[in-house]
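A short worksheet on the structure shown next.
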2 protein chains.
Amino acid sequence: MNSSLLDRLRDRGYRLTSQRRVVAEVLDGDHIHMTADEVLEGAVSRLPEISRATVYNTLRELTELGEILELNLDGRSKRYDPNVTRAHHHLVCDRCGLVFDVQFEVEVPSLGLAEKHGMSIRRSEIVHHGTCRTCTG
Amino acid sequence: MNSSLLDRLRDRGYRLTSQRRVVAEVLDGDHIHMTADEVLEGAVSRLPEISRATVYNTLRELTELGEILELNLDGRSKRYDPNVTRAHHHLVCDRCGLVFDVQFEVEVPSLGLAEKHGMSIRRSEIVHHGTCRTCTG
DNA sequence: GCACGACTTGGACTGATTCCAACTTTGTTG
DNA sequence: CAACAAAGTTGGAATCAGTCCAAGTCGTGC
């Protein structure tokens, strides 16, 4: 999954730098919703000289390519979700920012023409907001 | 609707200040999704000496009381939606931040126990991401 | 009308993210 | 394999949204 991501990058004319390799490596996994800072932290532990700017650049590129999803779940940091293939909902604790995936077999119904207001829709997401067990106390 | 919002505030022990009145007034409407800055701008035009901090305070209070919804649609500013009674989706342009309401008669299916991961869910939202006509160019 | 506590204020501060100009590296070409 | 150009990286400055705070103001109940 990860090597093929790097392949796809190269095929699209992106250079394979050690930085991109490391970021891809850090993001690998299934129920991952890391902030840019967490990605940086993981990247630094593998490649100490990597910079914050590069992590942000790479996350933007991967998002634009559709390889990861950029999530604005709470109003704090964006989170990045490498699971773009299996549709799923997100469950967010509004207090601490904790995120769970929900594999829920209900499709978001697609919109009719009138409802689209002339927009082209790229993706639809379902987010459940609440409070996690720890924060409920 | 607006006077009753002020009534509800007073009933809960909040003082009726001119600032709160003005913010409530600015937020009144049906398909409104203003940023804090836009609320401030509207408030200043009615009460020039109102401060940014007060607008933020009031928006937080109204959100906590459930009188408005706080939306994190794009990664930029939060937006505030006074329509809390009629369930609806949001349609967001990821380029310019434009928001439309979609009155769509499909409920978000509620989650089973296992899927809640021990969380208590307060609200569920559906967001459609895309590009608006202007930004598609 | 007074007093008390709730509310407001502006300016400093924080956290997240973007920008930038100089430097480095990759992939290509001869 | 050496050299080159373009793409990528860097760290630090800058921006943007939002929060915090101590001092001053004002709504409300008596």
Side-chain angles (χ1 to χ4, degrees), chain A residues 5-26 33-44 46-65 68 70-80 94-97 99, chain B residues 6-26 33-41 43-44 46-65 68 70-80 94-97 99:
Chain A
L5 162 56
L6 293 173
D7 289 345
R8 287 194 293 280
L9 280 179
R10 191 178 29 216
D11 292 348
R12 304 201 222 196
Y14 288 78
R15 292 187 178 172
L16 290 194
T17 65
S18 48
Q19 290 85 347
R20 285 186 178 141
R21 249 185 280 270
V22 161
V23 170
E25 212 176 307
V26 169
H33 313 90
M34 300 176 99
T35 63
D37 235 58
E38 289 163 356
V39 174
L40 174 63
E41 191 183 348
V44 161
R46 291 155 207 247
L47 184 66
E49 66 273 27
I50 195 171
S51 79
R52 180 177 303 272
T54 296
V55 168
Y56 275 102
N57 286 341
T58 307
L59 290 171
R60 184 175 30 69
E61 288 160 5
L62 293 175
T63 302
E64 283 167 4
L65 292 174
I68 58 178
E70 187 183 72
L71 308 174
N72 299 298
L73 297 174
D74 51 16
R76 288 161 272 194
S77 334
K78 292 174 183 171
R79 289 178 177 274
Y80 295 89
D94 286 336
R95 295 211 197 149
C96 68
V99 182
Chain B
L6 293 173
D7 288 347
R8 286 194 295 280
L9 279 179
R10 190 176 31 218
D11 291 349
R12 303 200 222 195
Y14 288 79
R15 292 187 176 170
L16 290 193
T17 64
S18 48
Q19 291 83 347
R20 285 185 177 142
R21 248 185 281 271
V22 162
V23 170
E25 213 175 307
V26 169
H33 312 89
M34 299 175 100
T35 63
D37 236 57
E38 288 163 356
V39 175
L40 174 63
E41 190 183 349
V44 161
R46 290 155 209 249
L47 185 65
E49 66 274 27
I50 196 173
S51 79
R52 179 177 304 271
T54 297
V55 169
Y56 274 102
N57 286 342
T58 308
L59 290 172
R60 182 175 32 69
E61 287 160 7
L62 293 176
T63 302
E64 283 167 5
L65 292 174
I68 58 179
E70 187 182 72
L71 308 175
N72 298 299
L73 297 174
D74 52 17
R76 288 161 271 194
S77 334
K78 291 175 183 169
R79 289 178 177 276
Y80 296 89
D94 286 335
R95 296 214 196 146
C96 69
V99 181

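Because only heavy atoms are used, hydrogens play no part in the values below, and waters and symmetry mates are left out as well, while side chains stay in. In this text the structure is predicted, and so the values were computed from the model without any measurement. A, B, ... follow the sequence lines: proteins, then strands. Residue 1 opens every chain.
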task = At under 4.0 Å between heavy atoms, which parts of nucleotides 12-30 of chain D does protein reach? Answer with one letter per nucleotide, 5' to 3': B base, S sugar-phosphate only, - none.
result = -----SBBB------BS--
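Nucleotide C:dT17 holds its C1' atom 11 Å from the CD atom of A:Glu70, rounded to whole Å. For the pair B:Leu9 CG and C:dC7 C1', the computed distance is 13 Å after rounding to whole Å. Whole-Å rounding puts the B:Glu49 CD to C:dT8 P distance at 12 Å. Atom CD1 of B:Ile50 and atom C1' of C:dC7 are 11 Å apart (whole Å). In this entry the distance linking CG of A:Leu40 with P of C:dG15 reads 15 Å, nearest Å. Rounded to whole angstrom, the span from the CZ atom of B:Arg20 across to the C1' atom of C:dT8 amounts to 10 Å. In this entry the distance linking CG of B:Leu47 with P of C:dC7 reads 16 Å, nearest Å.
No salt bridge links A:Arg8 with A:Asp11; every basic N to acidic carboxylate O contact stays at or beyond 4.0 Å. By the 4.0 Å N-to-carboxylate-O rule, A:Arg95 lies too far from A:Asp74 to be salt-bridged with it.
In terms of phosphate contacts, A:Ser51 brings no side-chain nitrogen or oxygen within less than 4.0 Å of OP1 or OP2 of D:dT9.
For the side-chain contact (heavy atoms from CB on, under 4.5 Å) criterion with A:Val55, the lone passing option out of A:Val26, A:Val39, A:Asp37 is A:Val39.
Evaluation of the side chain to side chain contact (heavy atoms under 4.5 Å, CB included) rule for B:Glu70 yields B:Thr63, B:Lys78, B:Tyr80 as partners, not counting sequence neighbours.
Using a 4.5 Å heavy-atom cutoff, the side chains of B:Thr54 and B:Val23 are not in contact.
A donor-acceptor distance shorter than 3.5 angstrom exists from the side chain of B:Arg21 to the backbone of B:Leu16, with no hydrogens or angles considered.
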